[in-house]
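Everything on this sheet refers to the single structure shown next.
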Amino acid sequence: MSAARRCRPPRALAGLFVWHLRNTGIRQIPYRFVHLYHIANGRLITFQYFNFLKRMYVTQYNKDLSQRAKPKSDSIVSPFYELQQLDQEKKDVHKISPVSPVHQSWSETSNRNELREMKSAAETEDSVIPVGAESKEDRQWKEMKLRLDDLPGILARLSKIKLTALVVSTASAGFAMAPVPFEFTCFLLASLGTGLASCAANSINQFFEVPFDSNMNRTKNRPLVRGQISPLLAVCFAASCGVPGIALLTLGVNPLTGALGAFNIFLYTCCYTPLKRMSIANTWVGAVVGAIPPIMGWTAATGSLDAGALLLGGILYSWQFPHFNALSWGLREDYSRGGYCMMSVTHPELCKRVALRHCLALIGLSTVAPVLDITTWTFPVISLPINLYISYLGFRFYREADRSSSRKLFFCSLWHLPMLLLVMFTCKKSVVEKEDKGDLPGKSCERAMEIRLP
Amino acid sequence: PPAHSHSDWIGPPDKHSNLRPVIFYVPPEESALERRLREARQEAQASNQRFWAQHNRAFRQEKEEFIYSRLKAKGLEMRDESGQKATLNAEEMADFYKDFLSKNFKKHLQYNRDWYKRNFRITFLMGQVALVRALRWLRRRKKNVEQ
């Protein structure tokens with residue numbers, strides 16, 4: 001992270017969001033912030049989360065969106081993924097000690113040993129005389145010293161904070177859809193725990209993939225690749241996020257959610273990440289990784305694994321395929337060179353078929369929702385247009401399989417998911433109705449009013 | 001890197017391997033453990049560099065050959081009238097990518113195993129070094145306090 005973009009220290013998370021949002025060039029930050037933190041009722045949270053997502057999606061359109069990798073939820077976030085600040089970061093002034101004018105062709109060990117008495121950083125900062133043509137190359141050499149100012153930015157990128165934010169929002173969608181009165185503390189704990197678990201998983205993923213990330217365009221500016229942080233620190237950070245995160249979920253929410261969180265971390269780091277280089281089955285594993293957060297949200301609210309949780313997970317699972325397959329279609333060269341086994345490279349026909357199949361599955365799953373008493377029958381009706389549209393694009397992709405159809409499908413998937421979840425939430429079966437039917441144990445009317453639909 | 005610096009320095013990505021080279025600082029009183037760590041890192045760096053430089057070079061070369069042979073089969077030249085390099089579209093290149101990936105599959109598996117082993121070993125050594133340094137620092141502080 002460059003000196004020019006320091007994080008405002010106090011509210012760390014707020015700072016991170018500001019930093020990232022500023023970098024994407026969004027100007028409506030204060031407004032959005034206020035809404036992100038002003039939580040009047042469950043509905044508002046979800047709505048604003050999705051607004052946040054949508055806006056981020058829109059701005060990202062302008063930037064270089066082409067590549068993606070699979071993070072924890074493999075799909076939801078591709079563009080967000082690494083804010084494409086490649087050029088900006090390279091050109092920015094770095095806080096590293098400028099090259100001392102005295103240095104010429106040094107030999108690795110001898111000079112350093114001779115001059116070790118001199119202080120390192122302080123003195124070099126005074127002298128900045130460029131030494132002709134080599135200075136540009138020299139300036140690109142950076143000291144591998146961790147600066148505390150940079151740390152929040154580095155950790156944000158290490159943990160793929162934007163992707164984590166989207167994972168947390170799917171988990172909160174799961175929480176919101178659960179047919180129980182909304183409990184704010186539980187919601188907060190579940191979201192925080194999920195967020196921490198996601199940070200841990202993403203950090204370990206980056207820790208494993210350093211040489212591969214350096215070779216792929218999308219990922220070559222990650223902190224470990226650039227040497228901004230040591231692998232040891234990355235692992236310690238992951239542990240310090242993962243352990244409290246899972247503990248928070250297990251003790252503060254319920255053991256089932258904690259177990260799901262731990263399982264998801266394991267699935268992502270130990271199954272998905274190595275599998276990416278061994279077999280195309282990684283896509284299916286990655287889809288499961290993406291499907292688990294909403295299930296976690298649901299179990300956090302209800303404490304049990306109902307059909308509803310599995311349905312939500314199923315919707316996210318199916319969504320991953322059109323999203324990822326369309327994206328990976330444009331990355332075939334990088335995947336091939338990097339040694340990643342992806343369907344788009346090795347089994348292109350399968351890639352297209354699977355994407356289409358799962359677009360259609362989304363229609364089916366949306367229809368099952370009212371059957372399971374999660375939503376009213378308006379849900380399949382309202383969601384039909386968007387599901388049909390994505391299926392249409394999936395079909396176009398299946399037939400044409402070129403750059404434009406894959407991009408269309410990918411971009412559609414970006415807004416399709418938030419919209420689908422939003423529609424689902426607005427069509428959620430009111431708890432009051434269920435109370436009348438006597439399905440739920442007695443709850444206060446007040447609580448039920450909170451989630452009453454318009 | 002400046003001659004008097006006490007830390008490692010990392011440079012811009014290498015042209016062939018895309019990996020960033022690191023110049024390791026050798027402290028004068030380097031312990032045996034620290035030396036093992038540094039050597040492990042140097043060795044990993046050298047091995048990674050070798051692998052990726054060779055791999056990327058092979059990729060570029062084979063890609064050129066593929067394009068050339070395909071263009072020839074189509075009866076076209078490498079450069080068209082305006083002097084621009086002729087390229088194949090993504091669908092045609094897809095065959096090459098698939099081929100290249102399957103050809104190098106075993107090589108990648110082997111490399112993965114090596115890389116994971118090295119990565120774990122280096123990180124573990126880093127942990128040991130950090131622990132030793134922390135203990136040393138604590139001991140020194142205790143001594144200062146006692147004095």
Side-chain angles (χ1 to χ4, degrees), chain A residues 96-97 99-100 102-103 106 108-109 111-121 123-124 137 140-145 207-208 210-212 214-216 220 225-228 230-232 234-236 274 277-278 329-330 332-333 335-337 339-342 344-348 401-403, chain B residues 1-14 17-28 41 44 48-49 51-52 55-56 58-60 63 89-91 93-102 104-105 107-109 111-112 115-116 119-120 122-127 129-130:
Chain A
I96 30 129
S97 344
V99 176
S100 146
V102 183
H103 108 318
W106 35 264
E108 289 199 14
T109 49
N111 284 355
R112 254 185 256 123
N113 283 338
E114 283 171 49
L115 300 169
R116 64 181 162 87
E117 303 91 28
M118 297 166 65
K119 277 173 16 167
S120 53
E123 282 179 30
T124 49
E137 160 90 17
Q140 294 183 314
W141 280 84
K142 312 232 196 341
E143 193 176 7
M144 283 176 90
K145 198 176 184 149
F207 165 71
F208 281 157
V210 178
F212 313 117
S214 340
N215 272 282
M216 294 191 40
K220 61 189 178 188
V225 172
R226 292 170 72 185
Q228 292 173 314
S230 79
L232 179 67
V235 173
C236 290
R277 310 188 59 80
M278 296 200 280
W329 200 255
R332 286 178 284 179
E333 170 165 4
Y335 282 149
S336 165
R337 188 166 56 87
Y340 283 108
C341 296
M342 299 294 176
S344 56
V345 181
T346 56
H347 297 79
D402 59 358
R403 184 179 157 75
Chain B
H4 51 259
S5 160
H6 282 267
S7 34
D8 301 334
W9 282 72
I10 190 165
D14 179 79
S17 69
N18 293 320
L19 302 173
R20 289 175 186 250
V22 178
I23 309 285
F24 297 96
Y25 168 62
V26 191
R41 291 171 75 190
N48 279 344
Q49 171 72 18
F51 176 84
W52 285 104
H55 181 77
N56 290 341
F59 182 80
R60 245 168 260 149
K63 186 175 175 190
N89 69 28
E91 295 323 308
M93 291 308 298
D95 290 331
F96 167 67
Y97 297 141
K98 179 174 175 180
D99 222 21
F100 188 79
L101 190 64
S102 31
N104 288 280
F105 184 65
K107 196 166 75 152
H108 277 294
L109 280 183
Y111 174 74
N112 288 347
W115 158 248
Y116 271 64
N119 199 18
F120 279 127
I122 289 174
T123 310
F124 184 69
L125 282 170
M126 277 183 175
V129 167

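Below, read A as the first sequence line, B as the second, and so on, with proteins coming before strands; counting in each chain starts at 1.
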Can you check whether A:Y335 and A:F212 have ring centres sitting under 6.0 Å from each other?
no
Are any of the side-chain heavy atoms of A:V210 and B:N119 separated by less than 4.5 Å?
no
List the residues meeting salt bridge (Lys or Arg N to Asp or Glu O under 4.0 Å) with B:K98, not counting sequence neighbours, and say none if there are none.
none
Rounded to the nearest 0.5 Å, what separates atom OH in B:Y111 from atom NE2 in B:H55?
10.0 Å
On the 0 to 90° scale, with breaks at 30° and 60°, tag the B:W52-B:H108 ring pair as parallel, tilted or perpendicular.
tilted
Top contributor to chain B contacts, counting heavy-atom pairs under 4.5 Å, from A:V235, A:V225, A:D402
A:V225
Side chain from CB out, backbone as N, CA, C, O: work out which of these in A:F207 comes under 4.5 Å of a heavy atom of chain B, or both, or neither.
both
Checking heavy atoms, do the side chain of A:A401, its backbone, both or neither come under 4.5 Å from chain B?
backbone
Heavy-atom distances under 4.5 Å only: say whether B:I10 touches chain A with side chain, backbone, both or neither.
both
Which portion of B:T123 sits near chain A, non-hydrogen atoms under 4.5 angstrom:
both
Residue pair B:N18 / A:K220, side-chain heavy-atom distance below 4.5 Å
no
Near B:F124 CZ, under 6.0 Å, is it more than 12 heavy atoms from other residues, nucleotides or ligands?
no
Which of A:M278, A:R337, A:H347 touches chain B most, by non-hydrogen pairs under 4.5 Å:
A:R337
Please flag which part of A:C236 lies under 4.5 Å from any non-hydrogen atom of chain B: side chain, backbone, both or neither.
neither
Measure distances from B:R41 to the heavy atoms of chain A and classify the residue's part below 4.5 Å as side chain, backbone, both or neither.
side chain
With chain B, the option among A:E333, A:R277, A:R332 that has the most non-hydrogen atom pairs under 4.5 Å is A:E333
What part of A:V345 gets within 4.5 angstrom of chain B, counting heavy atoms only: side chain, backbone, both, or neither?
both
Look at B:N112, B:D99, B:D95, B:N48 and state which one has the largest set of heavy-atom pairs under 4.5 Å with chain A.
B:N112
Residue from B:F100, B:W115, B:F51 scoring the most non-hydrogen pairs under 4.5 Å with chain A is B:W115
Parallel, tilted or perpendicular: which describes the rings of B:F59 and B:F96, with under 30° parallel and over 60° perpendicular?
tilted
